[in-house]
Amino acid sequence: MNFFESSLAGFFSSAVAAMGLGGGGVLIIWLLLAGFSAASARGLNLILFVPSALVALVIHAKNGLIKPAKLLPTAIGGLMGAVAGVALGGAIDPQLMTRLFGVFLAAVGARELVGAFRKGDK
Amino acid sequence: MKSKFFEALGGFAVGVINGLFGAGGGALTVPWLQKSGLGTKEAHAGAIGVILPITLLSAALYIRRGEVAVAEALPFLPGTLLGAVAGAVFLKKISSPWLKGLFGALIIFAGVRMIFG
């Protein structure tokens with residue numbers, strides 16, 4: 001992967017992530033296609049999210065979109081959950097869990113999509 | 001007090017999912033934050049803030065386990081920084097319904113990918 005390709009991959013995945021849309025999938029697919037190992041791809045995706053998130057958060061804060069009081073409980077719970085999640089690690093069959101989570105995600109996505117153009121959204 | 005605990009519980013679920021799958025927690029964070037009372041754009045922006053410490057933790061683990069080196073990320077960095085600016089600016093400009101619709105479509109796609117491997 002040359003510098004131009006890396007820059008492009010970084011640009012698009014970061015732009016999607018900065019909009020709070022995820023973006024992780026974009027970069028991971030790109031890296032896997034470029035021949036990176038699965039572990040490298042996931043690791044790079046995690047590492048690159050940090051500068052992306054920091055830059056995005058500064059701009060979002062300037063635009064008045066960050067509400068710390070509302071975010072703190074969820075963020076703290078999230079950190080504790082992450083530790084628990086890593087610890088749970090190999091306890092459940094990963095393939096089954098991934099499939100079940102996929103169903104759940106699809107349901108969440110459908111709900112978002114259906115509700116997108118309804119009135120009353122802030 | 002009770003509602004803050006409830007919000008933390010949702011955050012906990014998000015963290016567990018992120019810890020288990022390495023990703024996906026963000027997808028649930030946005031709807032959860034909206035349930036807590038944030039508007040669409042605030043939820044999307046806020047989800048980044050919620051996911052950041054979780055991601056820092058996961059990234060540190062990956063680096064410590066030697067699965068990836070920070071140096072490998074450097075070629076991606078300039079593009080990443082520019083993309084973050086572009087995305088953040090675009091978030092302010094895009095309309096909420098379109099943001100919600102785009103998000104929904106992306107999540108369905110991610111979900112389908114996970115179901116069919």
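Proteins come first, then strands; the chains are lettered A, B, ... in the order of their sequence lines, and each starts at number 1.
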**Asked** Should the heavy atoms of other residues, nucleotides or ligands under 6.0 Å from CZ of B/Arg64 be counted, would the total exceed 12?
**Response**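 Counting neighbours around CZ of B/Arg64, 12 or fewer heavy atoms of other residues, nucleotides or ligands fall under 6.0 Å, so no.
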**Asked** Counting heavy-atom pairs under 4.5 Å to chain A, which of B/Leu91, B/Leu99, B/Leu106 comes out on top?
**Response**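 Looking at each of B/Leu91, B/Leu99, B/Leu106 in turn, B/Leu91 comes out on top.
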**Item:** Between B/Phe90, B/Phe103, B/Phe76, the one whose heavy-atom pairs under 4.5 Å with chain A are most numerous
**Value:**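 The candidate making the most pairs under 4.5 Å is B/Phe76.
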Per-residue contact mode, [X] against chain A (heavy atom under 4.5 angstrom):
X	result
B/Pro75	both
B/Leu33	side chain
B/Leu9	neither
B/Val14	neither
B/Trp98	both
B/Ile94	side chain

**Request:** Identify whether the distance between the nearest side-chain nitrogen and carboxylate oxygen of B/Glu7 and A/Lys70 falls below 4.0 Å.
**Result:**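 The answer is yes: the pair qualifies as a salt bridge.
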**Item:** Atom pair CD1 (B/Ile63) and CG (A/Leu46), whose distance is rounded to the nearest 0.5 Å
**Value:**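 Answer for the CD1-CG pair, B/Ile63 versus A/Leu46, is 9.0 Å.
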**Request:** Would you give the length of the straight line joining atom CG of A/Leu44 to atom CD of B/Glu67, rounded to the nearest 0.5 angstrom?
**Result:**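 Going from CG on A/Leu44 over to CD on B/Glu67, the span is 11.5 Å.
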**Prompt:** Between A/His60 and B/Ala45, is there a donor-acceptor pair closer than 3.5 Å when you use the side chain of the first and the backbone of the second?
**Reply:**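 Absent.
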**Asked** Under the 3.5 angstrom rule, does the side chain of A/Ser14 hit a backbone N or O of B/Thr80 as a donor-acceptor pair?
**Response**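 Yes; judged by distance alone, with no hydrogens or angles, the pair exists.
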**Message:** Measuring only between side-chain heavy atoms, which start at C-beta, is A/Phe11 closer than 4.5 Å to B/Leu81?
**Reply:**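 Not in contact.
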**Request:** Let me see the working for B/Gln34 and A/Glu112 under side-chain contact (heavy atoms from CB on, under 4.5 Å), right down to the final yes or no.
**Result:** CA-CA 11 Å; B/Gln34 285 180 292; A/Glu112 289 287 301; 3.7 Å; yes
**Request:** May I ask you to name which of A/Ala75, A/Gly78, A/Ser7 has the most heavy-atom pairs under 4.5 Å with chain B?
**Result:**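 Most heavy-atom pairs under 4.5 Å with chain B: A/Gly78.
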**Asked** Taking A/Leu54, A/Asn63, A/Leu113 one by one, which has the highest count of heavy-atom pairs under 4.5 Å against chain B?
**Response**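 If we count pairs closer than 4.5 Å to chain B, A/Asn63 comes out on top.
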**Message:** Assess the residue pair B/Leu38 and A/Leu71 against the criterion (side-chain contact (heavy atoms from CB on, under 4.5 Å)); give the C-alpha distance rounded to whole Å, side-chain angles, the decisive distance to 0.1 Å, and a yes or no.
**Reply:** CA-CA 9 Å; B/Leu38 288 175; A/Leu71 299 174; 3.8 Å; yes
